[in-house]
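What follows is a single structure, written as structure tokens, with notes after it.
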Protein chains: 2
Amino acid sequence: MIDAAGLRVMRAIAEQGSFTGAATALGYSQPAISQMVRRLEQRTGTPLVDRVGRTVRLTEAGAALARHAGTVLSALDAAEEEVSAIAGLRAGRVRLAAFPSASATLVPKALALVRDRFPDISMTFTEAEPPESLAALRAGECDLAVAFTYAGDDLAADSEDLDVLVTEPLLRDEVLIALPPSHRLARGTGAVDLADLATEHWIAGCPRCRGHLLTMCDQAGFSPDVSFETEDYVAVQGLVAAGLGVALIPDLIVRTTYNPDVVIRQVTPASRRDILAVTTPDLRRVPAVAAALEALAEVAASPDLLPTFPGDAASVPEPELDYHL
Amino acid sequence: MIDAAGLRVMRAIAEQGSFTGAATALGYSQPAISQMVRRLEQRTGTPLVDRVGRTVRLTEAGAALARHAGTVLSALDAAEEEVSAIAGLRAGRVRLAAFPSASATLVPKALALVRDRFPDISMTFTEAEPPESLAALRAGECDLAVAFTYAGDDLAADSEDLDVLVTEPLLRDEVLIALPPSHRLARGTGAVDLADLATEHWIAGCPRCRGHLLTMCDQAGFSPDVSFETEDYVAVQGLVAAGLGVALIPDLIVRTTYNPDVVIRQVTPASRRDILAVTTPDLRRVPAVAAALEALAEVAASPDLLPTFPGDAASVPEPELDYHL
DNA sequence: CTCGACGCATAACACGCCGTTATATGGTGT
DNA sequence: ACACCATATAACGGCGTGTTATGCGTCGAG
């Protein structure tokens with residue numbers, strides 16, 4: 001029945017003492033005020049102004065509206081300001097979820113970058129494996145997830161989730177082979193042929209990584225003998241170092257938690273996991289989320305972290321494989 | 001940029017958890033909500049809801065709007081309620097101004113009637129002679145004035161004021177003649193011929209009453225010898241009782257402040273003053289003012305006060321003139 | 001796994017609010 | 001008395017905001 005515009009007009013009339021004054025104060029024409037008051041009067045059913053001669057005065061009801069205008073309009077301004085602050089990156093919150101090995105360098109650097117640029121954006125971080133982080137995204141429990149997908153195999157499986165989500169590629173993470181130093185292939189150069197490891201004992205990582213291992217070995221023509229499974233890649237490397245088996249291990253993990261007692265080599269057929277940022281189409285357009293996303297992309301693209309992701313294979317420098325030697 | 005309707009929608013979405021729920025809660029159709037949200041989003045420049053699958057969730061900005069909605073809308077409701085109370089006679093104030101001799105019976109009875117019917121209407125009363133009360137009306141210092149005009153002569157003079165004001169006739173007040181008991185005409189019956197008093201000493205009342213005296217005497221063919229002037233009709237009657245002169249005195253005054261030591265008789269040519277309620281066209285439509293006006297009219301029309309005003313002369317009962325005898 | 005129900009988005013359309021300019025009317029002061 | 005100033009009215013245009021009809025995608029159940 002009564003809206004903010006009406007209150008604004010009534011307040012301006014009270015302050016200016018005339019329709020014309022109110023009109024100029026609000027940037028309207030005089031008839032606009034005249035009609036607005038008339039509409040308000042026939043809505044409320046009672047006169048709001050007392051027109052005597054060429055002067056207008058507020059009636060009791062009109063004065064009541066003008067008096068309430070301050071309360072309503074300042075509350076409205078507060079609401080607008082809060083939204084404007086969120087839109088203008090002067091406020092806001094981003095709930096980020098990432099898998100453990102991304103938490104080491106990628107996420108901290110991105111968080112620092114966002115904090116640097118927009119000190120008023122508060123960022124919270126949760127560690128979660130891709131399946132859970134995407135579930136959290138869908139459940140509205142986080143705004144941005146750093147996840148990975150193994151190129152080729154379970155990308156199709158993820159598409160079930162990814163169709164309603166938007167993804168931004170961050171890094172291409174080469175999958176390498178970890179061998180005990182005593183292994184017969186530990187001292188060669190170049191890539192190790194996966195088929196040469198058909199009879200090895202295998203140590204698998206997280207469930208998805210295990211799935212990828214099975215896929216790759218299948219392509220190489222054998223089924224791996226998986227002796228151990230653990231999500232902890234420190235443990236994986238420990239197991240390998242102890243000579244209990246070999247393991248596929250992503251480059252990013254090696255770079256962050258490297259055990260000097262294992263040998264890392266490239267493997268053929270080459271394989272990688274794609275690390276990407278995931279969010280919903282709507283959240284993608286939230287300025288704070290967009291800023292965090294861009295920071296992630298920048299950090300991922302910076303040469304002091306890892307090779308850029310979307311470039312073609314030729315432009316990607318060879319991974320330094322001499323971790324050990 | 002943001003209006004109350006938008007906040008109402010956002011709050012409903014927050015409470016109901018879906019567009020459809022919000023729509024039914026607000027009595028709208030579902031697309032109305034959908035479009036409203038879209039408009040708000042493109043106005044604020046940031047997503048307000050996160051649509052994932054067939055569920056919607058508020059973003060931070062949307063939640064901010066929903067959170068502010070309570071403040072704004074309750075303030076708006078308070079404003080509406082206050083106006084509604086004024087329109088519904090559950091609140092309000094009427095500032096009444098009346099000339100002294102109306103304050104005796106007409107005004108108190110009307111005030112009592114209003115208080116009876118609408119206990120929450122506060123009425124204030126100021127005593128003022130017609131010129132000042134009309135000035136107060138024009139100056140916005142009162143809402144309703146009880147004034148009088150002498151029929152015929154200064155009605156034209158008042159029209160200058162009365163054109164922008166609206167009047168409601170209340171009473172016709174016969175103008176009578178007050179004589180000392182010792183006067184040669186004190187014992188007759190019927191009306192006294194004004195021309196028979198051409199050589200008397202005259203006592204005049206308020207300035208407007210004095211003007212009316214001059215007009216009447218002029219019509220009767222003489223110019224009165226005005227010996228005293230006072231606005232106090234108690235004094236007028238005292239002067240007459242002391243034999244210092246004769247005076248024209250309205251019936252209403254005699255009825256309220258009658259000095260038994262004077263004789264009151266009708267006079268020819270007959271004359272009267274019209275007592276009327278005056279306000280502005282706008283204030284006339286303010287419910288509280290209208291209620292006060294109606295109360296005044298009812299009191300004026302009630303037979304236990306004085307004869308009705310607008311009736312023709314035939315229907316007006318003869319004034320009781322035997323105040324003294 | 002398919003099907004039906006549910007919820008949001010979009011299209012097309014109608015109405016009324018709310019501005020505008022042009023003009024009339026009436027009060028005020030020199 | 002006349003010019004100025006303030007409000008009222010008329011006519012008109014835009015768009016905000018509702019409607020119904022319809023499509024599409026998702027979630028749950030047989």
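In what follows, every chain begins at residue 1, and chains take the letters A, B, ... in the order their sequences are listed. Only heavy atoms go into these numbers, but all of them, side chains included; no hydrogens, no water, no symmetry mates.
Applying the ring pair (Phe, Tyr, Trp, His ring centres under 6.0 Å) test to every pair with at least one member in residues 71-99 of chain B, sequence neighbours left out, gives these pairs: B/F99-B/F148.
Judged by distance alone, the side chain of A/R57 and the main-chain N or O of B/R138 form a donor-acceptor pair under 3.5 Å. No donor-acceptor pair closer than 3.5 Å links the side chain of B/T46 to the backbone N or O of A/V286. In this structure, the side chain of B/T167 does not engage the main chain of B/A277 through any donor-acceptor pair within 3.5 Å.
Rounded to an integer number of Å, the gap from A/R54 CZ to D/dA3 P is 16 Å. For the pair B/R51 CZ and D/dC24 P, the computed distance is 19 Å after rounding to whole Å. Going from atom CG of B/D50 over to atom P of C/dA9 covers 11 Å, rounded to whole Å. As rounded to whole Å, 11 Å separates atom C1' of C/dC8 from atom CG of A/D282. For B/D3 and C/dC17, the CG to P distance is 15 Å, given to the nearest whole Å.
An OP1 or OP2 oxygen of D/dC15 is reached within less than 4.0 angstrom by no side-chain nitrogen or oxygen of B/R43. At the phosphate of D/dC27, OP1 or OP2 sits under 4.0 Å from a side-chain N or O atom of A/R138.
For the segment residues 12-42 of chain A, residues with any heavy atom less than 4.0 angstrom from an atom of DNA chain D are, sorted by number, A/S18, A/F19, A/T20, A/Q30, A/P31, A/S34, A/Q35, A/R38. Taken residue by residue, residues 60-76 of chain A places no heavy atom nearer than 4.0 Å to DNA chain D.
Electrostatic pairing of A/R51 and A/E41 counts as a salt bridge here, judged by a charged N lying under 4.0 Å from a carboxylate O. Note on B/R172 versus B/D274: no salt bridge recorded, every NZ/NE/NH1/NH2 to OD/OE distance being 4.0 Å or above. Comment: A/E141 does not engage A/R95 in a salt bridge, judged by the lack of any side-chain N to carboxylate O separation of less than 4.0 angstrom. One finds no salt bridge joining A/R67 and A/E60 here, because no Lys/Arg side-chain nitrogen approaches an Asp/Glu carboxylate oxygen to under 4.0 Å.
In this structure, B/V49 and A/T55 both approach DNA chain C, and ranking their closest nucleotides by distance from the 5' end singles out B/V49.
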For B/R90 and B/E81: C-alpha separation, side-chain torsions, deciding distance, then whether salt bridge (Lys or Arg N to Asp or Glu O under 4.0 Å) applies. CA-CA 10 Å; B/R90 300 191 308 280; B/E81 164 53 27; 3.0 Å; yes
